[in-house]
Protein chains: 2
Amino acid sequence: MTSETHPNAVAETAPVGFQEHDHQTCVKTALVSAEGRCKEEGLRLTPVRRKVLEMLLQEHRALGAYAILDRLRDEGFGSQPPVAYRALDFLVQNGFVHKIERLNAFVACSHPGASHSPAFMICRKCDAVAEAQSASAKGVLGAAARAAGFEIERTVVEAEGLCPDCTEKA
Amino acid sequence: MTSETHPNAVAETAPVGFQEHDHQTCVKTALVSAEGRCKEEGLRLTPVRRKVLEMLLQEHRALGAYAILDRLRDEGFGSQPPVAYRALDFLVQNGFVHKIERLNAFVACSHPGASHSPAFMICRKCDAVAEAQSASAKGVLGAAARAAGFEIERTVVEAEGLCPDCTEKA
DNA sequence: CTTGTCATGTTATTTCATATCATGTATTGC
DNA sequence: GCAATACATGATATGAAATAACATGACAAG
Ligand SMILES: [Zn+2]
Ligand SMILES: [Zn+2]
Ligand SMILES: [Zn+2]
Ligand SMILES: [Zn+2]
């Protein structure tokens with residue numbers, strides 16, 4: 001709602017997926033922040049849910065539901081698909097995690113808190129995923145939608161290509 | 001390459017999915033045009049492939065691979081998954097059909113011929129799908145990608161919501 | 001304590017997609 | 001024409017993603 005039509009809106013929040021950073025701190029603060037928000041809003045960040053979020057934060061890339069499930073099993077949680085899918089549903093529903101449709105996989109949100117419609121850059125070689133703000137829903141596509149009388153509720157914006165690292169190596 | 005940065009690029013080609021039109025003619029001309037392009041480019045629009053394209057043009061909405069397969073069986077073609085997937089691969093590869101990632105389903109291209117990165121509006125109620133030009137890859141997301149050093153090769157842009165018809169009824 | 005709500009466990013099934021190998025059918029070069 | 005080749009299809013099996021349905025458990029409100 002803030003800077004939707006501004007063409008440089010996206011520059012305000014650089015993607016973090018491809019950048020060096022203190023990852024342990026990054027994970028830790030994201031978890032703490034998630035706990036805080038859940039407390040505030042009366043959401044229940046149960047052990048499974050917390051574990052799944054932690055895994056996704058730790059990985060910093062997209063994981064399939066069954067990869068998550070494997071890790072859950074290793075940690076002593078349930079090992080049937082619904083266990084993973086239910087935790088993921090909760091996390092997606094509440095904006096802690098996004099689903100990458102192109103990969104049928106899930107990634108932790110990089111801009112938690114604020115409600116946003118994310119856009120992703122997906123490296124086809126190393127599976128790294130970076131999240132940016134899309135804004136395209138309100139902008140370009142939004143114009144087409146209004147013209148057609150279509151009411152947008154949610155958008156999927158995913159770019160596939162090569163990340164900086166993989167581009168260099170090639 | 002023509003109008004990538006122009007914010008109204010999308011307005012040039014209105015979506016056809018939600019509009020009344022002479023559907024039989026629409027299907028027929030699209031098929032003829034596809035045949036023409038295949039001849040030109042030495043592509044082989046075999047019976048299965050042609051049939052699948054015809055089905056998708058006829059439906060004018062997204063169909064899953066197995067729905068397509070059912071219809072193929074009814075028409076006397078093979079009935080195993082690879083039959084449908086191979087035909088779809090060919091059609092997608094050559095731009096006659098697009099995959100809707102959100103639905104794991106396929107839809108005939110509405111702007112065939114020109115190479116383009118499509119954007120879709122998907123009605124969550126009636127499954128209607130309209131195709132518009134995205135341009136967002138080169139525009140908004142493109143800026144973020146360049147900033148991050150990410151090289152975009154392909155984009156998925158899909159908006160989910162309510163089509164005009166379904167909005168009216170609600 | 002009991003009732004209602006939400007979360008989890010568990011089994012089974014459905015839906016989507018691909019690997020692999022065998023067979024057929026067009027072109028192309030000879 | 002005929003063999004060689006490439007491409008397309010048929011057919012079997014399997015893998016991967018997602019959900020349906022029902023049972024059990026935790027916990028808080030009344
Ligand atoms: Zn996000
Ligand atoms: Zn990469
Ligand atoms: Zn198209
Ligand atoms: Zn509709």
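Sequence lines set the chain letters: A, B, ... in the order given, protein chains first and strands last, and positions in each chain run from 1. Just so you know, these numbers come straight off a predicted model, no measurement behind them.
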Give every donor-acceptor pair under 3.5 Å between a side-chain atom in residues 159-169 of chain B and any protein atom, sequence neighbours left out.
| unit_1 | atom_1 | unit_2 | atom_2 | d |
| --- | --- | --- | --- | --- |
| B/Glu160 | OE1 | B/Arg102 | NH1 | 2.1 |
| B/Glu160 | OE2 | B/Arg102 | NH1 | 3.0 |
| B/Thr167 | OG1 | B/Cys163 | O | 2.9 |

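Atom P of nucleotide D/dT9 and atom NZ of B/Lys51 are separated by 15 Å, given to the nearest angstrom. Atoms CG (B/Leu72) and C1' (D/dA11) sit 15 Å apart, rounded to a whole Å. Taking atom CG of A/Leu88 as the reference point, atom P of D/dT19 lies 11 Å away to the nearest angstrom.
With sequence neighbours left out, B/Phe106 forms a ring-ring contact (aromatic ring centres under 6.0 Å, His included) with no residue at all. Residues forming a side chain to side chain contact (heavy atoms under 4.5 Å, CB included) with A/Ser33 (at least two apart in sequence, or on another chain): none. For A/Asn94, the side chain to side chain contact (heavy atoms under 4.5 Å, CB included) partners two or more places apart in sequence, or in a different chain, are A/Arg37, A/Leu43, A/Phe90, A/Phe96.
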Original post:
Taking protein heavy atoms under 4.0 Å as touching, what does nucleotides 7-18 of chain C look like 5' to 3' if B marks base contact, S marks sugar-phosphate-only contact and - marks none?
Top reply: SBBBB----BBB
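Sorted by first and then second residue, the side-chain hydrogen bond (donor to acceptor under 3.5 Å, both in side chains) pairs involving residues 83-93 of chain A (not counting sequence neighbours) form an empty list.
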